[in-house]
Trainee: 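I am attaching a structure below and will ask some questions about it afterwards.
Only this structure's heavy atoms are used, side chains among them; waters, hydrogens and symmetry mates stay out. Letters go in sequence order (proteins before strands), and every chain restarts at 1.
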Amino acid sequence: MNDSQGEPRGGISRRGFLAGTGAATAVAGVTSELAPATAAQPGAAPAHGPGPVLLQLTVNGQKVNTNVEPRVTLLDALRNYLDVTGCKRVCDRGTCGACTVTVNGRTVYSCTMLALEARGMDIRTAENLGGAKLDAVPAAFVDNDAQQCGFCTPGFVVSLRAALDKNPNATPEQVEAALAGNICRCGTYEQMRHAIVQLCKKGG
Amino acid sequence: MKNFTYHQPTTIAATLPLLDAEWGKTELLAGGTDLLDRQKDYVSQPEKVVSLTGIGGGFREMSSVSPPGVFPPIITIGAGVRLVDIAESKLLAQYPALVQAAGQIAGPQIRNMGTLGGSLCQRNRCWYFRDEHVNCLLKGGRKCFAQEGENQFHAIFTQGHPCVIVHPSTLAPVLIAFGASAEIAGPKGTRTTPVEKLYHAPVKETQREHTLAPNEVLVSVKFSGGGPQFAKFCNASYEVKQKETSDWPLVQAVVAFHFEKDSKIAKGVRVVLGHVAPTPLVSEAAAKSLEGKEVTEANAGLAGEAAVEGARPLSQNRYKVQLLKVAVKRAALLAAGVKPYWEG
Ligand SMILES: Cc1cc2nc3c(=O)[nH]c(=O)nc-3n(C[C@H](O)[C@H](O)[C@H](O)COP(=O)(O)OP(=O)(O)OC[C@H]3O[C@@H](n4cnc5c(N)ncnc54)[C@H](O)[C@@H]3O)c2cc1C
Ligand code: FES
Ligand code: FES
C-alpha cells in the first residue's frame, strides 16, 4: 500500500511523523477548502492542503465530488475515492499504461497526474466504452480474443479509441505506434493486432 | 509520496513569490512525468508544489515569425508547450531535428503530458540517484556510486566529473545545435541566456543539472536557422536506443549546418552530443572536421571519429564509443538529406 492513497507505508506513518513536527496538519476527512490568497495580486494562487481539499471532477460526462489530499493521483482518486475502477494500478510509475485515461481527448497516465490537476477537464475512462452499447474497440477485442488476464485491456482500449478518434483513417502501423505506451504482460499482442486490423478495415 | 501544499497560479508574476531561494522545499510542477516519479520514490520531498498548468498565453504557445530576409522562420516555444505538440507541429517543418527528438520521447501518454520546460529541467536517470536508499553525491552523500558500480548507461566523457550521470534531455542538444536562447523569469526580472549556458555538471545536493536558480521559471526558448539569406538549413537528430519506445537513448547526436544556394558544402557546422556526458556536449572537433566539406559517407564518418576523441569510458560502457561514432555519421547524413541506407 502506498501512502499516496492516504495510508502509511511500510508500517511507518510519515504523515503522523510530519504532524508531530508541525510540518503538516492533515486530519483525514476534514475539508480544508481554499485558504485565503497569499498575495493580493492578479493570478495569485491560494494554498490547497496539505489536508484534504474538495475535488470536483467530470468523469465520463458526470460531475462528481470528493475530498483528497493534494498528493493523491488522478488514478487513486478515480479508483479509491470515486469507485471508477476501470483504470488499473500496475506500475504506478508512468511506464505500463494500465492506468490510461483520456483528459480533454488526449491519453495520459492517470498514475502520473495529480487529481487536482484534472479539475475542469473532461476525463474519460474505459467505462465510457462499455454500457448499453459496447464500443467497437472493446467489441473487436472480444471478437479476436485479444486479452488473457485482461488487466492491461482497459488501458489498451482507451489508447486505441483515442488513436482512432484522432485519425479515423489510421493504418494498423499508425495505430500500433499509438499503443507504444501500453504494455501487455501476457503478451497478447498478436490477437490485438487482429483486432486492430479489423477496426482499421471498418474505419474506426 | 510525502504530502504537500499545492498552488496553481495563473501568471508567471504570481508564480515567482511562491518559490524559494533554495532547492528542496518547493518544486515547480508542469506535466509531472518526472516530478511525480521522484516524489513517489522519496527522491524529492517538496513541502510545496507550485503548478505551472494554470498559466496561459505565450507560456503554452508556439509561434513562428519570418521577418524579411530571414529564413527559416524564427520560432518561439513556450516552456508549457506539450511534447506532442512539438512532435506534430507544422511550424517546425524546417527544424526536423526537434520534431524527431520530441517524437521519440517515451510513448504517447508521456508526450501528451510532458512539456518542453519539463524536458529541459528534468532530473537525471542514474539509478543510484533515483534509488531512495542510496545517498549519492547529488543527494548530499560523499560518493558517486556509478564511478565503480553499474555504469553501462553513464557518461563516456568523464574527465573531471566526480558524478558521471548523463544529461537526460534529448531536446536540449537539439536546441543547443540551433543556437537557441532561453527566456527566464526570476525575482529580479527577465533574463535571456543561450540554452547551452542552461547546463552544467552538478556535483552536490545544492545543484541541479541546469543552472536556473530555484526561484526562477523557464518561460520560453527561441531559435532560428540563422544562416545567410537563401541558405538551406540542414539539421537532424539521431538516437541509438535499446528499445524502440519508452526509453531514453543510449547515445544521441545532433548535427546542423547550412548549404549555401545550390552548394553541397556544409557551412556553420554544429555537432551536439547527448547521453554521453553530464551535460549536452558541444563537439568542436566533429564540427571542425565537417566544416567546409561535402557531406559524404566518408566525411560524415570522419566527423564521427572526431566526436569520440578524448572519450574516457567507464568499466561497463565502452560500447557507447562505437555507437556515438555511428550516431554522428548518421545524423550528418540525415541532415544532408541522404536516404537512410541503414534502414531495412
Ligand atoms: C519512459 C520515458 C522515456 C523518456 N525518454 C525521454 C527522452 O528520450 N528524452 C527526453 O528528453 N526525455 C525523456 N523522458 C522524460 C520526459 O521528457 C520528461 O519526463 C518530461 O519532459 C518532463 O516534463 P513534465 O512537464 O512532465 O515535467 P515535470 O515532471 O512537471 O517537471 C520536471 C522538472 O522540471 C521542472 N520544471 C518544469 N517546467 C519548468 C519551468 N518552466 N521552469 C523551471 N523548471 C521547470 C520541475 O520543477 C521538475 O523539477 C522520458 C520519460 C519517460 C517516462
Ligand atoms: S499504472 Fe500508470 S502507467 Fe503503469
Ligand atoms: S492480457 Fe494480461 S496483461 Fe495484457
Trainee: Answer with side chain, backbone, both or neither: which region of B:Thr5 has an atom nearer than 4.5 Å to a non-hydrogen atom of chain A?
Mentor: both
Trainee: Please look at B:Val84 and chain A and tell me whether the side chain, the backbone, both or neither of the residue comes under 4.5 angstrom of a heavy atom of that chain.
Mentor: side chain
Trainee: Just wondering, are more than 12 heavy atoms of other shown residues or ligands nearer than 6.0 Å to CG in A:Asn65?
Mentor: yes
Trainee: Just one of B:Asp37, B:Asp41, B:Thr33 clears the side chain to side chain donor-acceptor pair (under 3.5 Å) bar with A:Arg93, so which one?
Mentor: B:Asp41
Trainee: Minimum heavy-atom separation for B:Lys40 to A:Asp92, with atom names?
Mentor: NZ-O, 2.7 Å
Trainee: For B:Lys139, does the NZ atom sit with more than 12 other heavy atoms under 6.0 Å from it, leaving out its own atoms?
Mentor: yes
Trainee: With only heavy atoms counted, which part of A:Ser159 is less than 4.5 Å from chain B, the side chain, the backbone, both or neither?
Mentor: side chain
Trainee: Need one label for A:Thr95: side chain, backbone, both or neither, based on atoms under 4.5 Å from any heavy atom in chain B.
Mentor: neither
Trainee: Which bit of A:Ala162 is near chain B, if near means a heavy-atom gap under 4.5 Å: side chain, backbone, both or neither?
Mentor: neither
Trainee: Which heavy atom in A:Leu114 sits nearest to a heavy atom in B:Leu29, and how many Å separate them?
Mentor: CD1-CD2, 3.8 Å
Trainee: Checking A:Ile183 against chain B: side chain, backbone, both or neither under 4.5 Å from a heavy atom?
Mentor: neither
Trainee: Does atom CD of A:Gln148 have more than 12 heavy-atom neighbours from other groups under 6.0 Å away?
Mentor: yes
Trainee: Check whether any side-chain heavy atom of B:Gln8 lies under 4.5 Å from a side-chain heavy atom of A:Glu117, and answer yes or no.
Mentor: yes
Trainee: In a check of side-chain contact (heavy atoms from CB on, under 4.5 Å) between A:Arg106 and each of B:Arg82, B:Gln109, B:Met113, which one passes?
Mentor: B:Arg82
Trainee: On a heavy-atom basis, which atom in B:Asn3 and which in A:Pro70 lie closest, and how many Å separate them?
Mentor: OD1-CD, 3.7 Å
Trainee: Does B:Lys241 NZ have over 12 foreign heavy atoms under 6.0 Å away?
Mentor: yes
Trainee: Could you tell me which non-hydrogen atom of A:Ala178 sits nearest to which non-hydrogen atom of B:Pro108, and how far apart they are?
Mentor: O-CG, 3.3 Å
Trainee: Which atom pair, heavy atoms only, marks the closest approach of B:Ser246 to A:Ala180?
Mentor: OG-O, 3.6 Å
